[in-house]
Structures are given as C-alpha cells and as structure tokens.
Student: 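The following block contains the structure, expressed as structure tokens.
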Amino acid sequence: MGQAASTLPTVLYNMYWVAKVIVNIVDSFLESHVRDNPTVVNLDGAKDGRDYARRTARAAAEEAAVAPPETVWLAKQTQAVTAERLRKGVQPVVIPSASELATAKERVQYKDGLFHFAIAGVSGSGKSSLINAFRGLRNGDLGAAPTGVIETTSQIDRYPDPNPRLPFVWYDIPRAGTFAQSDWQYFNSQGLFVFDCIIVLFDNRFTLTDISILTNCRRFQIPTYIVRSKADVHIRNVVADMGYDSDNDDGTRHAQAYNSACEHYIAETRATVQKNLKEAGLPDQRVYVVSHKTMVSTVKDRVLSPKTIHELELVRDLLEEACARRCVPRSDAAEADGGQSLGPVLSPRVY
C-alpha cells in the first residue's frame, strides 16, 4: 500500500475522534449555557449544537465503517494508542476555527490597542481579589470585582483598569476545576486563546487544570505567569507550625520566625511547581508568591510593605510584557507623530 493509503486510517480516525470530542464539549458546555446563548444553536440546519455535533460524529463514523478491513484494524490500533494517551492525561488538541476565534473576541469585547490580561485558576484561588489589587482597588470598593469563598461568577467578567493612562483590561475566568468544566475543555470553552497574557493563579495545590492551561498557552504562544496567592495566610500558618509563641516573644523572635517561614514557603512552592512542570513535560518557569493585600498597597498606595515578596516584580514584569507586545518604541512613535510623542504608545500590532 502507498503512503497515502497508510495514512488514511489515521486521518479517518482523527476525524471520528475530533467529532467525538465536539460531542463531549457541546454536551458539557450547552447544558449550562444554551439557554443564555441562543447564538450557539441552529448550526448548518441542525436543531441545536448537540444535534450538529452528533451529525458530524455520525458522518465520520459512517465514513470509517465503509473502509477496508485493514483500514479498520489500523484505526483500532490508533484508537488504542489514543486511549492510552488519554489515560496518561495527554488530552486531544482542539484548534479553534476562524469563526470561533472571532466569536470569542466578540464575547470578551477584545479591542485592538488594549492589552487583555486573563486570570485563570480553580474556584476559590483568589482571582477576583487579585484583579481588584491589580486595579488599585480593595475588596468592597466601588467598581471592585465581587469576592467570595464560593465561585461568584459563571461567565467571564471584564474589568477595565480605572487608570485611563493604563490601557489594560482584566478578566476573571470562572469555574476551572469544577463540575461545570473538565480540565482540558476549560481552555477552549472559555476562549482563553484570545488573551494577550494569562496569569495562572493557584492557592493550595498546583493542579491538572493549571498544567492544562500552561500547555495550551504554549501551543498558542500566549505568555503566562504562574502566581501563588494568599501568601500572608500561608506564611502565618507556617509560622504557627514552626512553634512560634507570641507570649514568649521578646520583640525579635517574630521577625526571625516570619523570615524563616517566608523562605521555607517560597522554596516549597517553587519545588512543587517545578516538579509538576517536569512531570508534564513543560519547561521550568518562575513562580510569583503574592498577597492581594500587599499588592493593593503596592499599586494604589505606592508603598512597599515590609512583607512584600514578589508583588512589585510581578507588576513590573506584567507591564514590561504588555509594553513589549503592544507598544511602539518612543523613537518610532515620535517619528510617526512628527516628534510630538513623549513616550511609548500602544499599537494594535498582532504578534
């Protein structure tokens, strides 16, 4: 058999597998969203999104059914390999179409000339609190994102930066790691492929959801930042675990205990993330350890707390990322503006 014949079973099975993936995605996604998003129905004459996906799957299955016996045998072998990859956590790659890309941009109100930061992570990781801090707002301030122990949103929430000099938009991406979204469907169903930068936020555990987001970001060449939240709470717990007793403190032991606990916490966090990245086949990456309370003091009050860890570095690195990907260099801007530009300006360039 020729090369084309040998690759045919793989192509047919891939068609069938992609169709099955579509069915799974639509079944889980439409159940909670079809009532609120009527635009997802009536695709190509189908009654609804599920009908469309099932028609696609049925057509692929029928095409595979009429293949020669040797083709079916090879397809089954491919199925076995794919099933083994899934068992090991290697999920299928689903590339969005041009129309899906346009729809996702419209849904998040993506605008050229702005830089779009998404904060993603499991429920309860502190996404809303960190978004407020980045915007110079404390929880409960006017215009602040709502916060709570239970996931407070079931849709992507958009928060423009209140500082008009900063053309940034911050997004709270909901419901990762909950029953509403499986880990590998989360990235595509939420349209994370449209964002300029994604902050992967975690609290207690670095999860499969976090790995899935980082893996997909590499495929789409989206810059990522790994951030561990609630540092103040965790370090305070480490201090207690170390046996610190404030009743027997002469005024110096607390500072020593805090510094020791902070170093231990940072080292443990880095080691945990490094181990998970290595196991997932991802390159090592820096981890930022922050507290939203310290972050808001840094951004709003321009005050560096004695308990500052990586808050200032994270803000600096995010601003540099935005400028590197969106800003026209000062010399270029001045030349284009007849020498009147006083600094870098944002450009709708696409990289």
Side-chain angles (χ1 to χ4, degrees), residues 89 91 108 116-135 139 144-159 168-220 222-234 265-266 268-270 272-277 279-280 282 285-296 309-311 314-315 317-318 321:
Q91 303 293 354
V108 302
H116 307 77
F117 292 98
I119 300 186
V122 299
S123 175
S125 57
K127 299 188 297 291
S128 298
S129 294
L130 190 57
I131 284 177
N132 291 336
F134 279 136
R135 299 169 66 229
N139 293 343
T147 60
V149 176
I150 300 175
E151 187 78 64
T152 55
T153 180
S154 59
Q155 62 183 11
I156 295 177
D157 286 326
R158 183 179 190 271
Y159 298 98
F168 303 144
V169 185
W170 305 88
Y171 294 84
D172 187 344
I173 312 298
R175 306 186 74 80
T178 66
F179 291 114
Q181 291 286 312
S182 65
D183 295 318
W184 63 275
Q185 292 176 353
Y186 176 71
F187 190 90
N188 278 52
S189 65
Q190 294 292 350
L192 299 188
F193 44 79
V194 305
F195 292 105
D196 298 308
C197 175
I198 294 180
I199 297 171
V200 177
L201 185 69
F202 73 104
D203 175 13
N204 289 307
R205 296 187 303 111
F206 196 65
T207 67
L208 181 61
T209 299
D210 304 317
I211 291 293
S212 178
I213 293 171
L214 292 169
T215 300
N216 280 287
C217 284
R218 281 181 58 80
R219 292 168 179 159
F220 288 90
I222 300 172
T224 56
Y225 292 82
I226 302 175
V227 178
R228 187 170 189 183
S229 61
K230 305 181 183 179
D232 52 339
V233 176
H234 292 298
Y265 175 71
I266 293 172
E268 181 185 51
T269 298
R270 285 176 172 167
T272 299
V273 172
Q274 185 179 45
K275 177 178 179 292
N276 281 272
L277 292 176
E279 290 177 350
L282 294 172
Q285 188 171 337
R286 177 174 181 177
V287 184
Y288 298 83
V289 176
V290 305
S291 161
H292 77 87
K293 294 179 180 178
T294 306
M295 180 66 76
V296 75
I309 306 177
H310 298 143
E311 290 83 0
L314 177 58
V315 171
D317 291 347
L318 289 174
E321 183 74 55

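Values reported hereafter were calculated over all heavy atoms of this structure, with side chains retained and with hydrogens, waters and symmetry mates removed.
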Student: For Val169 and Val108: C-alpha separation, side-chain torsions, deciding distance, then whether side-chain contact (heavy atoms from CB on, under 4.5 Å) applies.
Tutor: CA-CA 10 Å; Val169 185; Val108 302; over 6 Å; no

Student: Would you mind telling me which of Tyr159, Phe195, Phe134 makes a ring-ring contact (aromatic ring centres under 6.0 Å, His included) with Trp170?
Tutor: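 Option passing the ring-ring contact (aromatic ring centres under 6.0 Å, His included) with Trp170: Phe134.
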
Student: Tell me whether Thr272 contacts the main-chain N or O of Glu268 through its side chain, where contact means a donor paired with an acceptor under 3.5 Å.
Tutor: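 A pair under 3.5 Å: yes.
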
Student: Report the distance from atom CZ of Arg135 to atom CZ of Phe117, rounding to the nearest 0.5 Å.
Tutor: 13.5 Å

Student: Treating Ser291 as the side-chain partner and Ala231 as the backbone partner, does any N or O pair qualify as donor plus acceptor under 3.5 Å?
Tutor: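 No, because the side chain of Ser291 does not come within donor-acceptor range (under 3.5 Å) of the backbone of Ala231.
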
Student: Please name the residue in the list Val273, Asn276, Leu214 that meets the side chain to side chain contact (heavy atoms under 4.5 Å, CB included) test with Leu282.
Tutor: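 Exactly one candidate clears the test, Leu214.
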
Student: What distance do Ile173 atom CD1 and Gln155 atom CD have between them, rounded to the nearest 0.5 Å?
Tutor: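 Between atom CD1 of Ile173 and atom CD of Gln155 there are 11.0 Å.
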
Student: Is a side-chain N or O of Glu311 found less than 3.5 angstrom from the main chain of Ile309, in a donor-acceptor match?
Tutor: yes

Student: Taking all atoms of both residues into account, what is the closest heavy-atom pair of Ile198 and Cys217, and its distance?
Tutor: CD1-SG, 3.6 Å

Student: Does a side-chain heavy-atom distance below 4.5 Å link Met295 with Val315?
Tutor: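 When only atoms from C-beta onward are counted, Val315 and Met295 do touch, with a gap below 4.5 Å.
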
Student: For Leu130 and Val290, work out which heavy atoms get closest and say how close.
Tutor: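 Closest approach of Leu130 to Val290, heavy atoms only: CD1-CG2, 4.3 Å.
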
Student: Is Arg205 positioned over the aromatic face of Phe202, cation under 6.0 angstrom from the ring centre and no more than 45 degrees off axis?
Tutor: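 No cation-pi geometry.
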
Student: Donor-acceptor check, side chain of Asp210 to backbone of Thr207, threshold 3.5 angstrom: yes or no?
Tutor: yes

Student: Hey, do the aromatic rings of Phe187 and Phe220 have their centres closer than 6.0 Å?
Tutor: yes

Student: Flag yes if more than 12 heavy atoms outside Arg218 fall under 6.0 Å of its CZ atom; otherwise flag no.
Tutor: no

Student: Can you check whether Ile226 reaches Leu277 side chain to side chain, under 4.5 Å on heavy atoms?
Tutor: yes

Student: Considering non-hydrogen atoms only, spot the tightest contact between Glu279 and Lys275 and give its length.
Tutor: OE2-NZ, 2.7 Å

Student: Which heavy-atom pair separates Ser125 from Leu201 by the least distance, and what is that distance?
Tutor: O-CD2, 3.5 Å

Student: Keeping Gln285 on the side-chain end and Thr224 on the backbone end, is there a donor-acceptor pair under 3.5 Å?
Tutor: yes

Student: Sub-3.5 Å donor-acceptor pair from the side chain of Arg158 to the main-chain atoms of Tyr171, do we have one?
Tutor: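 It does not hold such a pair.
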
Student: Check Thr269, Asp203, Asn204 against Arg228 for a side-chain hydrogen bond (donor to acceptor under 3.5 Å, both in side chains) and give me the one that passes.
Tutor: Thr269

Student: Is it true that the side chains of Asn132 and Ser129 contain a donor and an acceptor less than 3.5 Å apart?
Tutor: no

Student: Mind checking what makes ring-ring contact (aromatic ring centres under 6.0 Å, His included) contact with His310, not counting sequence neighbours?
Tutor: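 ring-ring contact (aromatic ring centres under 6.0 Å, His included) check on His310 returns nothing, list empty.
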
Student: Evaluate the side-chain proximity of Leu318 to Ile199: yes if any heavy-atom separation is below 4.5 Å, no if none is.
Tutor: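 Side chain of Ile199 against side chain of Leu318, heavy atoms only: contact under 4.5 Å found.
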
Student: Are Ile156 and Pro174 side-chain neighbours, meaning at least one heavy-atom pair lies under 4.5 Å?
Tutor: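 In short, these two side chains touch, coming nearer than 4.5 Å.
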
